[in-house]
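The model shown is predicted, which means the values in this text are computed figures rather than measured ones.
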Amino acid sequence: METFRLKNIAILILLLLNAGLLVLIGSQRWQSRRAASETVRQLEELCAASQLTLGSRLQLSQQPLSALAISRHGETERVIASYLLGSSAVSSSQGGGIYSYSSDKGSIQFRSGGSFDGSRLEVAVEDIAGFSEKFCSEFGYRDMVVDVDGGTGSVTAVQEVAGVTVYGCTAALYFEEGVLTGVTGAHVSLENAAVESTGRIDCVTALVRFLDYRGATGIVCSQVTDIQCVYLLQATAATVRLLPVWRIETDTNPYFVDCTTGAVSRI
């Protein structure tokens, strides 16, 4: 009987401890939500005082992305070149981090920073829109813009990784009378990507930085219509990185706020 009572007491103590923890967690979450709500209210007051309105669909609770260190992926480069050239491409090193991928239809060069280009290509394409759509689908490009008339013109698109747009990774295909004659652009792969530990500016802070920038530079805009955290390609001789930036869409132009430094630019 005594053992049974001790067990009941132990269970009751555990239940009380769990209840206390739940109350503590709930209180912390409530305080966090209250603080976030107060921060948003102060932001709205700052914007109103500066005659800048915030769109009703803005998601101010968004979290910033992490910076990524990118490794070169030669097989992806070869597959891209083979698709564009219409046949299997053979690679060769040109030195200085440049690899050339060639077939009987021409050659495309890829650099260590992810950029690529090819000119004087001779790849006949019957269905330019279909060819371009498949290229974008297979290699992660979106927002395709077709400016082709009578088989002559260009197709452009921007790369997206893990659902996030990468500014600086735009591909352009050039056609003349139904023949692919040139390509330029950049492409990155997330294979073996490493997350970097850096400071991350949140959405509300990014808007405050933009508000300060607007006041200091005198740019003309009256509304923020959208804000999204996106990537910006940064390539040097030693490293290739995807840097997170807040893209702030206004009723005049888009602006970018660096998630680490808070610097504002048009890019």
Side-chain angles (χ1 to χ4, degrees), residues 27-70 113-114 141-143 145 156-170 186 188 190 193 195-236 239-267:
S27 176
Q28 289 176 339
R29 288 181 176 176
W30 178 80
Q31 291 177 0
S32 178
R33 286 196 294 267
R34 183 178 179 183
S37 177
E38 177 64 18
T39 300
V40 170
R41 185 189 66 79
Q42 292 175 355
L43 172 65
E44 290 173 341
E45 289 181 353
L46 282 173
C47 290
S50 299
Q51 296 182 329
L52 180 70
T53 60
L54 301 178
S56 59
R57 296 184 179 181
L58 296 187
Q59 297 181 11
L60 300 180
S61 61
Q62 295 178 72
Q63 296 302 306
L65 299 166
S66 297
L68 299 176
I70 303 298
Y141 291 88
R142 69 175 187 85
D143 293 341
V145 176
T156 59
V158 62
Q159 191 184 356
E160 186 178 85
V161 295
V164 181
T165 301
V166 182
Y167 286 85
C169 280
T170 300
V188 293
L190 290 187
V195 177
E196 295 185 340
S197 178
T198 57
R200 298 191 297 169
I201 291 175
D202 62 25
C203 183
V204 172
T205 303
L207 285 168
V208 172
R209 294 294 180 90
F210 170 70
L211 193 61
D212 291 340
Y213 175 84
R214 175 176 175 264
T217 60
I219 61 173
V220 178
C221 65
S222 60
Q223 184 180 40
V224 173
T225 57
D226 192 23
I227 181 169
Q228 296 289 332
C229 199
V230 299
Y231 280 124
L232 174 66
L233 176 64
Q234 182 192 67
T236 66
T239 60
V240 180
R241 303 167 67 208
L242 294 183
L243 301 181
V245 294
W246 289 103
R247 184 181 189 274
I248 299 177
E249 186 73 38
T250 74
D251 54 349
T252 56
N253 293 296
Y255 295 86
F256 296 83
V257 181
D258 190 299
C259 282
T260 302
T261 66
V264 184
S265 67
R266 285 285 308 278
I267 303 184

Using a 3.5 Å distance criterion without hydrogens, assess whether the side chain of Trp246 forms a donor-acceptor pair with backbone atoms of Ile201. yes

For residues Arg200 and Leu65, report the shortest heavy-atom separation together with the two atoms involved. CD-O, 3.2 Å

Main chain of Ser61, side chain of Gln63: is a donor-acceptor contact present, judged purely on distance under 3.5 Å? yes

Would you say Arg57 has more than 12 foreign heavy atoms packed within less than 6.0 Å of its CZ? no

Considering non-hydrogen atoms only, spot the tightest contact between Thr261 and Arg209 and give its length. O-NH1, 3.3 Å

Considering all heavy atoms of both residues, which atom of Val224 and which atom of Leu207 are nearest to each other, and what is their separation? CG1-CD2, 4.2 Å

Is there a donor-acceptor pair under 3.5 Å between the side chain of Ser222 and the backbone N or O of Gln51? no

Leu233 and side chain to side chain contact (heavy atoms under 4.5 Å, CB included): which single residue from Leu243, Val188, Thr170, Ile70 fits? Val188

Could you grab the distance from atom CZ of Phe210 to atom CD1 of Ile227, nearest 0.5 Å is fine? 9.5 Å

Interatomic distance, CG@Asp226 vs CD1@Ile248, rounded to 0.5 Å, equals 10.0 Å

So, the side chain of Thr252 versus the backbone of Cys221: is there a donor-acceptor pair under 3.5 Å, distance only? no

Once you round to the nearest 0.5 Å, how far does CD of Gln59 lie from SG of Cys229? 12.5 Å

For Tyr141 and Cys169, work out which heavy atoms get closest and say how close. CE2-O, 3.7 Å

Have Arg247 and Gln228 got a donor and an acceptor in their side chains that come within less than 3.5 Å? no

State, yes or no, whether a side-chain contact exists between Val166 and Val158 at a heavy-atom distance under 4.5 Å. no

Tell me every residue that passes ring-ring contact (aromatic ring centres under 6.0 Å, His included) with Phe256, counting only those two or more places apart in sequence or in another chain. Tyr167

Identify the heavy atoms of Val257 and Val264 that sit nearest to each other, and give their distance. CG2-CG2, 3.9 Å

Does Thr225 use its side chain to pair, donor to acceptor, with the backbone of Glu249 at less than 3.5 Å? yes

With rounding to the nearest 0.5 Å, note down the distance linking CG in Leu242 to CG in Leu190. 6.5 Å

Measure the CZ-OG1 distance between Arg142 and Thr165 for me, rounded to the nearest 0.5 Å. 3.0 Å

Here the gap from Leu60 atom CG to Leu58 atom CG, rounded to the nearest 0.5 Å, amounts to 5.5 Å

